[in-house]
Colleague: 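The structure's right below; bear with me while I get my questions together.
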Amino acid sequence: MAVEALSPPVGQPPDPDYQMGLDLMAFQQKQRRILSIKIAVVWLVLLGFVISFLLFIEFDFAYVVENAWFIIKEGAKWTIIISVVSIFFATILALLGALGRLSKNSIALGISGFYVSLFRGTPLLIQIYVIYLGLPQVGKSLALLGASLGLPFLSTVGDWFILTPIQSGVLALSLNYGAYMTEIFRAGLQSIHHGQNEAAVSLGLSRWQTIRRVILPQAVRIIIPDIGNQFIAMQKDSSLVSIMGVWELTYMANRMARKDIKFMEMFLLAAAAYWVLTIISSWLEGLLEKRLSHAYER
Amino acid sequence: MNAKPLIQVENLHKWFGMLHVLRGVSFTVQTREVLVLIGRSGSGKSTMLRCVNFLEEPSAGTIQVGDVVVGCNPGVQPDDKDILAVRLQTGMVFQEFNLFPHMTVIQNVIEGLTTVKKMPKDKAVAFGEKYLAKVGLLEKRDVFPIRLSGGQKQRVAIARSLAMEPKVMLFDEPTSALDPELIGEVLDVIRELAYEGMSMIIVTHEMGFAQDVGDRVMYLENGIIVEEGLPPEMFKDPKDPRTKNFLEPIKKYHTL
């Protein structure tokens, strides 16, 4: 087995050709280093093109520097809050959805299948409009019904359907991404070898105990890169909540740009801020992935 | 000797779709008895074993393990409580080990104790260590399965089943996935269990081992029990032509 091959050759006579192995390693390392240097040069050239283009259109760097902190501090704060809260709820929805899709219960199967189909099949922007602008209509109808039946609590219930822009945004993003991530969780749970399930139930674990103790911990490790991917996509899609006037990155940039007629300046600044956020996110995802793969390192 | 057998299977049928894999087999296992199942792949011997602890739901038939009797018929689903009661009395060892890769060796061994039997962790660990020592792997208690050889994995899997203190152990080709040089260490553990009087059903292709530990051998073909008997007699002088047919080429290469 590979385990034996990797362990140092204890007690064996030294290999007379040991230097050959060292030379090969050094050569491969040198080649890798040359490749990274070449890639860095290509990146610098591309960056040079961008900067000369900006100089050509008389990009106002001073204006960007002057306003950057305000926009990033206020805008990025809300972008981060909205996407972190939404990915949290989306993950819970996705887990419930996946369990539903894998169950044998007709109600769970029906609800989860309907949920995924509906929220994956309609645009996020429409969902935001329906939740923010459409739901208050439900509240109004409930209040009217309560008044005619003499049930004032229906009016209170109706108020729950009137959501703030941030609540609407979080709800829409959670529902939409929860639908996509349901399929990710389902595939992750199904990818675990059936022998794991058999070993667990043979020990007497119930179906739920098997999922919680054996299947899910292994599935989560496999789907962490996909969840990270969804989180990155969500950070960018959170710009859609700007249409409701939430003070996140896109809204802030848009407002400043229109006020001072500095479109390229402000939108490139916002784009750069999103880019940095997603780079940080994928770095964090990598750390998490490494941590969870601890048990799988020889 | 025993008034009531430990395991009694009656008229067991198993269908996979329209494939009739088990055609009404009946057999018993007495306490402290080692029953060995042999046969070609596809003969139904693994399915028969897996029906005993309901990894495969029997299509029809009665399965009695200890005091639990479960009847199956088309359209009649066995009760979850009965299935659990059967599984708690049976330990299962798989061809592919099926250790939980995200748990250390000791965590693997105590998983059933803490999650199913609700045993306090310190007590479960002491318990688990006892069985790890039994299979000779106590020093590996804190490593993850990926660092173990195939033989070591299978021995941990055996310890994991033993820790639940089952009345009978079921082995489904326990050495078929192992490199030849690792088979011996696993067979030694099973052999020791046999000498200690553990009741077992073993599906195996290791004919020498079968003869060595088996109290009774059963030959299956096309979902029926063709012949059963004492190992020395059956291997030397099988009565049924189908059993002869199966054993002849094996005998050519192995001295039994």
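Numbers restart at 1 for each chain; the letters A, B, ... are given by sequence-line order, proteins then strands.
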Colleague: In terms of heavy-atom pairs under 4.5 Å with chain A, which of B:N53, B:T90, B:T115 leads?
Modeller: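 Going by pairs under 4.5 Å, I would pick B:T115.
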Colleague: Heavy-atom distance under 4.5 Å to chain A: side chain of B:R50, backbone, both or neither?
Modeller: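 Contact with chain A involves the side chain of B:R50 alone.
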Colleague: Can you tell which of B:K140, B:R141, B:K123 makes a salt bridge (charged side-chain N to carboxylate O under 4.0 Å, His left out) with B:E129?
Modeller: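 Of all the options given, the one that passes is B:R141.
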Colleague: What part of B:L99 is in contact with chain A, defined as an atom under 4.5 angstrom from a non-hydrogen atom: side chain, backbone, both or neither?
Modeller: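 Backbone only.
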Colleague: Using the six-membered ring of B:Y131, assess whether NZ or CZ of B:K134 lies under 6.0 Å from its centre and within 45 degrees of the ring axis.
Modeller: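 Judged by the rule (NZ or CZ under 6.0 Å from the ring centre, within 45° of its axis), B:K134 is not positioned above B:Y131.
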Colleague: With distance as the sole criterion, is a donor-acceptor pair present between the side chains of A:R32 and A:Q28 under 3.5 Å?
Modeller: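 There is no such pair between these side chains.
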Colleague: Name the option with the most non-hydrogen atom pairs under 4.5 Å to chain A; the candidates are B:P101, B:P145, B:A85, B:G112.
Modeller: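 Maximum pair count with chain A is reached by B:P101.
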Colleague: Could you check whether A:D226 and A:Q230, counting side-chain N and O atoms only, form a donor-acceptor pair closer than 3.5 Å?
Modeller: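 Side chains of A:Q230 and A:D226: no pair found under 3.5 Å.
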Colleague: Checking heavy atoms, do the side chain of B:T104, its backbone, both or neither come under 4.5 Å from chain A?
Modeller: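 Neither part.
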Colleague: Side chain from CB out, backbone as N, CA, C, O: work out which of these in B:F100 comes under 4.5 Å of a heavy atom of chain A, or both, or neither.
Modeller: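 Answer is both: backbone and side chain atoms of B:F100 are under 4.5 Å from chain A.
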Colleague: Show the nearest heavy-atom pair for residues B:T175 and B:E206, with the distance to one decimal.
Modeller: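 The answer is OG1-CG, 3.5 Å.
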Colleague: When you compare the side chains of B:D172 and B:Q95, does any donor N or O come within less than 3.5 Å of an acceptor on the partner?
Modeller: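 Result is no, nothing qualifies.
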Colleague: May I ask you to name which of B:M92, B:E111, B:K117 has the most heavy-atom pairs under 4.5 Å with chain A?
Modeller: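 With the most close heavy-atom pairs to chain A, the winner is B:E111.
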Colleague: Under a 4.5 Å heavy-atom cut-off, does chain B meet the side chain of A:Q209, its backbone, both or neither?
Modeller: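 The answer is the side chain of A:Q209.
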